[in-house]
J.: 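Let me begin by handing over the structure; questions about it come next.
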Amino acid sequence: MHSVTRVAGIISGASPAYNVEEMTYALKTGRAKFLMTVPGSMEVAIAAAKAAGLKKDMCSCLRGS
């Protein structure tokens, strides 16, 4: 998160409980250009990103151990 703010980016946290419509609204109002999510939210995130006009290659899945 610090690196995003360092390059003048804006972080907009969204609830993992959001449905596609709610996530689409968050992406559009936040004027998102990139989306990072976790595996459990990937299905909703991809559908919302598409609805918000983000290209699939601008979506990233974060994985951890």
Side-chain angles (χ1 to χ4, degrees):
M1 290 195 337
H2 294 290
S3 60
V4 173
T5 57
R6 180 114 172 132
V7 295
I10 299 169
I11 297 169
S12 175
S15 172
Y18 278 179
N19 62 34
V20 174
E21 292 79 21
E22 293 167 322
M23 180 63 74
T24 300
Y25 178 79
L27 293 171
K28 284 183 176 180
T29 58
R31 294 180 284 166
K33 298 196 180 1
F34 190 81
L35 172 68
M36 291 183 281
T37 190
V38 294
S41 299
M42 195 64 168
E43 187 175 324
V44 169
I46 292 296
K50 183 176 181 181
L54 285 174
K55 295 180 181 177
K56 192 173 182 176
D57 64 340
M58 298 308 285
C59 300
S60 181
C61 185
L62 303 173
R63 296 172 193 207
S65 54

J.: Identify the heavy atoms of A51 and K28 that sit nearest to each other, and give their distance.
T.: O-CE, 3.5 Å
J.: Could you tell me which non-hydrogen atom of M58 sits nearest to which non-hydrogen atom of K33, and how far apart they are?
T.: CE-O, 3.3 Å
J.: Please report the interatomic distance NZ(K50) to CG(L27), rounded to the nearest 0.5 Å.
T.: 14.5 Å
J.: Mind checking whether V44 and L62 sit in one hydrophobic cluster, side chains of I, L, V, M, F, W, Y counted as touching below 4.5 Å?
T.: no
J.: Any idea which heavy atoms bring R63 and P39 closest together, and the distance?
T.: CG-CG, 4.2 Å
J.: Side chains of C59 and T37: does their closest heavy-atom pair fall under 4.5 Å?
T.: no
J.: Grab the two heavy atoms, one from A52 and one from T24, that are nearest each other, plus how far apart they are.
T.: N-CG2, 4.1 Å
J.: What is the minimum heavy-atom distance between M23 and A48, and which atoms define it?
T.: CG-CB, 3.3 Å
J.: Locate the shortest heavy-atom distance separating L35 from L54; write the atom from each residue and the value.
T.: CB-CD1, 4.2 Å
J.: Near M36 CE, under 6.0 Å, is it more than 12 heavy atoms from other residues, nucleotides or ligands?
T.: no
J.: Using a cut-off of 6.0 Å, state whether more than 12 heavy atoms not belonging to E43 lie near its atom CD.
T.: no
